Amino acid sequence: MSHQTYGRPRMTADLKVAGLEVGERRAGWLMKANGIRLIRTRRHKVTTDSRHTLSFADKLQDCNFQAAAPNQNWAGDISAIWTNEGWLYLTVAIDLFSRRVIGELPRAFWRQKVRRGRVDL
């Protein structure tokens, strides 16, 4: 499966396997003349650093996501979203009783300062 990533060297090798004797320049010229272009794919970039000695945060909820009343337990998450202008980081908090979003905070920078204890995310 090529995912349309055939370049000049790969095309030359396949043409030679098919019995045609062509060089890389000739294969490149034929590709260009027929409108065949290489579509480059991005490699997966690992962004998580698991090799550290930092401790994990305490499990304050003990995996109990049931709340008896509103505004007792909240949960949140951060998602990275690729846009045409670059990465957008979206922080969302929900109330575990009503399961409704109580606030969201889009940011262009991951480490942008957010005031601690801020309720109106």
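What you see is a predicted model; the values in this text were computed from it and never measured. Count residues from 1 along the sequence.
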Query raised in the report: Once you round to the nearest 0.5 Å, how far does CZ of Phe97 lie from CG of Asn73?
Result: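 It comes to 11.0 Å.
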Taking side chain to side chain contact (heavy atoms under 4.5 Å, CB included) as the definition, give me every residue that meets it alongside [X], ordered by chain and number, with sequence neighbours left out.
{"X": "Asn71", "answer": "Trp74, Asp95"}
{"X": "Ala75", "answer": "Ile94, Leu96"}
{"X": "Ala69", "answer": "Gln72"}
{"X": "Leu20", "answer": "Leu15"}

Closest heavy-atom pair and its distance - [X], [Y]:
{"X": "Ile36", "Y": "Met11", "result": "CG2-CE, 4.4 Å"}
{"X": "Thr12", "Y": "Glu24", "result": "OG1-CA, 3.3 Å"}
{"X": "Arg107", "Y": "Leu88", "result": "O-CD1, 3.4 Å"}

Query raised in the report: Do Val101 and Phe65 belong to the same hydrophobic cluster, where Ile, Leu, Val, Met, Phe, Trp and Tyr are linked whenever their side-chain heavy atoms lie under 4.5 Å apart, directly or via other members?
Result: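 As far as the 4.5 Å side-chain criterion goes, Phe65 and Val101 are connected within one cluster.
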Requested in this report: Consider only side-chain heavy atoms of I, L, V, M, F, W and Y, link residues closer than 4.5 Å, and tell whether Val92 and Ile81 are in one cluster.
Outcome: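 Val92 clusters together with Ile81.
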Report task. Using ring-ring contact (aromatic ring centres under 6.0 Å, His included) as the criterion, list what pairs up with Trp29, not counting sequence neighbours. Result ->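 None.
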Query - Stepwise side-chain contact (heavy atoms from CB on, under 4.5 Å) check, Thr91 with Ile78 - result: CA-CA 4 Å; Thr91 305; Ile78 299 173; 3.7 Å; yes
Query - Close side-chain approach of Arg37 and Met31, heavy atoms under 4.5 Å - result: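 No. Closest side-chain heavy atoms not under 4.5 Å.
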Requested in this report: Verify the neighbour count for atom CZ of Arg99: are there more than 12 heavy atoms of other residues, nucleotides or ligands below 6.0 Å?
Outcome: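 Yes, the 6.0 Å shell around CZ holds more than 12 heavy atoms from other groups.
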